[in-house]
Amino acid sequence: RLAAGTTRFCAGIVSTARPVSIELKMAHYSNKLYQQLEQETGVQTGYMKTGSISLAQTQDRLISLKRIASSLNVMGIPCEIISPKKVLQLHPLINIHDLVGAMYVPEDALVSSANVSLALATAASRNGVQIHERTSVSHVTIQKGRVTGVETDRGRIQCEYFVNCAGQWAYELGHSGEEPVHIPLHACEHFYLLTHPLQEPLSSSLPTIVDPDGRIYIRNWQGGILSGGFEKNPKPLFTEGRNQLEIQNLQEDWDHFGPLLSALLRRMPGLEALQIMQLVNCPESFTPDMRCIMGESPTARGYFVLAGMNSAGISYGGGAGKYLAEWIVNGYPSQNVWPLDLKRFGTLQSSRTFLRHRVMEVMPLMCDLKVPRWDFQTGRQLRTSPLYDRLDAQGARWMEKHGFERVKYFVPPGSDLLDLDHSKTFYKPDWFDIVGSEVKCCKEAVCVIDMSSFTKFEISSTGDQALESLQYLFSNDLDVPVGHVVHTGMLNEKGGYENDCSIARLSKRSFFMISPTDQQVHCWAWLKNHLPDDSNLVLEDVTWKYTALNLIGPRAVDVLSELSYAPMTAEHFPSLFCKEMSVGYANGIRVMSITHTGEPGFVLYIPIEYALHVYNEVMNMGQKYGIRNAGYYALRSLRIEKFFAFWGQDLDAFTTPMECGREFQVKLDKGMQFLGQEVLLDQKQNGVYKRFTMFILEDHDTDMDLWPWWGEPIFRNGHYVGKTTSSAYSYTLERHVCLGFVHNFDEKTGEELVVTTDFINQGEYEIDIAGQRFQAKAKLYPFSSLFTQRRRKDEVELSGYQRE
Amino acid sequence: FYLTPPQVNSILKANEYSFKVPEFDGKNVSSVLGFDSNQLPANAPIEDRRSAATCLQTRGMLLGVFDGHAGCACAQAVSERLFYYIAVSLLPHETLLEIENAVESGRALLPILQWHKHPNDYFSKEASKLYFNSLRTYWQELIDLNSGETTDVREALINAFKRLDNDISLEAQVGDPNSFLNYLVLRVAFSGSTACVAHVDGVDLHVANTGDSRAMLGVQEEDGSWSAVNLSYDHNAQNEHEVERVKMEHPKSEEKSLVKQDRLLGLLMPFRAFGDVKFKWSIELQKRVVESGPDQLNENEYTKFIPPNYHTPPYLTAEPEVIHHKLRPQDKFLVLATDGLWETMHRQDVARIVGEYLTGVHHQQPIAVGGYKVTLGQMHGLLTERRAKISSVFEDQNAATHLIRHAVGNNEFGTVDHERLSKMLSLPEELARMYRDDITIIVVQFNSHVIGAYQNEE
């Protein structure tokens, strides 16, 4: 039935105050859509532009609101940071004594969610859409990896495309077919309170209040209030899959709601005498990373998903629908939706136990401060390198990517870091000096970083099929001598990066491909869909077979040559080279002269059973060269100061090599056909509309000022030109470095114009961190002074590629 | 001087242990939810013992309390060994063969029991080899006997009790070349212990009891009130049947001397027990063993002393009485406790205190607004009050601790009096035994849903 799911119980708040950029865009679109819906369809939607006020009880909270305010403002959404006194003017019931500030978004709105659904359905029917209510889908039929139809209790429906929007049932529906589609979401009980009207009924135009520190939201509702929240101890539901058929109001649990009620009365003490109408308890589905799930299944073409709204369904609904529709019609959405793409998950996030534990962490996080570099604490230690215990014993602190544990940094013995809660900060973090010394060691001696999490594929064929198909799918020339490593993009037909990887040619007919950790599902699906259906062409995921050790630093050469009795100097082992050799007793170690940082060194791909041996040998031999362990934070600082972009953070399906200064990684002049070629040729001739640029913060005090993260607006001569995509402190420059894209918006029309080198160079730049602007120097090329040590011929990994 | 509440708590909680039957995400198919246990010493060292284990080769869980006398050696030995004897008695022939073959060829043994032990519950390392050999002889005999019939739990329990007591007696007669072990087996045999053991498998609950510890079932009536059902009979002078039994087993001439001052032969409180060979062996055997034994034994007046009017041994047996009970959904918990508890508390009170404690912790009656007119402020006040109430109950996380608190601290009104509790706990070691006995309690909580489901199947 339409709107019978969680929609029926939705609180109906449309709020654009979202920290993730793409979610913000979706909410913005939804708001505009709902506004005109009533007019277009004639169905009453209850749309009421009330505005919303997000309260801050702490300075840290205010900072996070200011960050959101910055990104709202540059999108043209009115928004301001206001004082507690102003809050009182806007909403007379609020107790402001414990507030430090608030954010006011005047255009946020309230709707009746069920009526919005009805209006949308009405509009759809008018355009020829058939809606079958009270029909249950038993499963989706898939043939040869394509959706062919849907089996329902009222018979079969043929179709090319199927969208699984089953909300909290999406997981089960995904598993109902022969070939399961994994949709990782899990339901939790979600409570809100309805009251009778006040003596003097509340005005329906009163703004919605969000008090994240109190974990509650409050809106006016028929003269009374509606108030719910995200408690610290959520109650997950239906883990066993015994799901109710139609959503019903679940058992009220006042004891559970108690803390939220306290928060409500603290915020609005005047409501003590207000009479309770009902405590509503409805299931809401949450996802493992707090972002919703949309996109096409990696295993079944035509099988689309839109679910897991994390209780913001009404805010996202309109925008999400728009992107999904574009996706189905055009083959791709008009915005980068990778952060929401179903393919960021694999089967590994689909365990019920994992989901149950993770959503119990996620739901309270909805109201927690979102600080940089936050790591989930549940569902951890799923995928680990064989060296995990060894590294852990040496003080490793871990983060997780796609289920894989990766080292952030190593805490030296004797030094203490803050505990989890106290380490949350927008300022200089407590690991600053630790990472600094790891970076120094990479620059002056040698460090080991375990990089086993990277996705590794092998592609081989009996004849030339492998080379031929790869030449078409990848932008750089792969017809290189055996033993060479090539950095290349895997582009879509619009020239955008679907993946950014390095490929080693192992033999005439086989290639070894390394891509970012979270590409495991996406890249596999892309290759499967694009490689010719040829049994002589074999694609294999070998991620689990190899442990990768990255030896970074000037002394890596010495360590490796001592362990292998082979000369490793640039003459014998030039940069971007790959060779199988012995290290210690272990033979068949794949050594590549890349480090993903621009520093000299090697990555060793070690068959896992040799991992411990090789690690021990390297550490023993390395001792006299001052070797130490390092983590990803050091790696990130190194690669960002070298202006290396990485996929998933800086690069996405809407970025072409031309836009990030990587023309030299494209075989435009070789006269070969490859995917995305036309767009690149056009850009080469007519120029690009955005340009990847490096910014060095000038007047930023590392100790005292807020740190940049990503998503900060960039201003050129006072005009907004784009956002940063990543940032790090450079220990070499002793400055913060931000990477981001610069656009050229026409001052009058807002139309995007060509961005030239001169445009970049002739501008005064500022970066806006939570409302405070810092001067920044823009650069299109990395500092050459950073490369003075041992430059190898001219083949240094210049402004190459990187990812995390 | 007074102990502060935290000090009292740390004394009461020192030996507490809880075990929850592991569940996988809300699914628990065991009829046992888990158990809480605790001990409060009066003797130094404490002479009570407790054990709990899950049978791994058959289904079911074993729980037991053991009250030692004349030292703790016998109770310790029984607490380590008895469950193995029971488990072996329950094993089917094929499994016994498999285990024997594994031992024979030096392969790894199938684990028989999974113990649930408090860190203070120890096993004797030195004697394990000796104990193992006795156990192995037992199962070898079971293999030879192979009756082919399926094992009856009642019989298995009786056999295990008798066999273990027999082995304790034999080991003391044979002795051991190692002087430490030799002294140990003698101390075990000359001291004594009662045993009260429960075996739970699905809805079948068996209680085997030897001596004066007690098992009691907590039943929740339809109106929510609590009542107690005895699942064991005390073997002491207060039990007419037991006095009758002892009199039947000995000539009429001894009738007057058998039970004096409510004690067996005027000496022993429990009428059945493990060990206590002084009440089982012939005088000649006792003299021979004591004389050939180590000096420590010879110097001990107690061991040398022969009970008066000792004419027709044995006077004592370890054979248990077994009661079988089919669990019903209203059977919420089982309390096993040594006489230290039952001396101070009536079973009806025990049922009420544990029952209220368990339900208080697990499901307070939920509030529903329904059609009433309730304001936010009223509801808030109500919830705050409820939270405060919960937190005071939560002082004890363990039902056994909660019970001990009442047993020791109850005043005439049946509520815990902190002053009294503090006084009782601060008694010096040598005085403590005058006011109270060692107390050992295990509270087993049943899973009514699973039990209900079993019932429906039948």
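Residue numbers begin at 1 in each chain, while the letters A, B, ... track the order of the sequences.
- One distance of note links CG of B:Leu383 with NE2 of A:His256; it measures 12.5 Å at 0.5 Å rounding.
- With a 4.5 Å cut-off on non-hydrogen atoms, A:Leu265 touches chain B through its side chain but not through its backbone.
- The CG atom of B:Leu376 lies 8.0 Å from the CD atom of A:Glu272; values are rounded to the nearest 0.5 Å.
- Taking each heavy atom of A:Ile276 and B:Met379 in turn, the nearest pair found is CD1-CB, 3.7 Å.
- Other residues, nucleotides and ligands contribute at most 12 non-hydrogen atoms within 6.0 Å of the CD atom of A:Glu200.
- With rounding to the nearest 0.5 angstrom, the CZ atom of A:Phe257 is 11.0 Å from the NE2 atom of B:His380.
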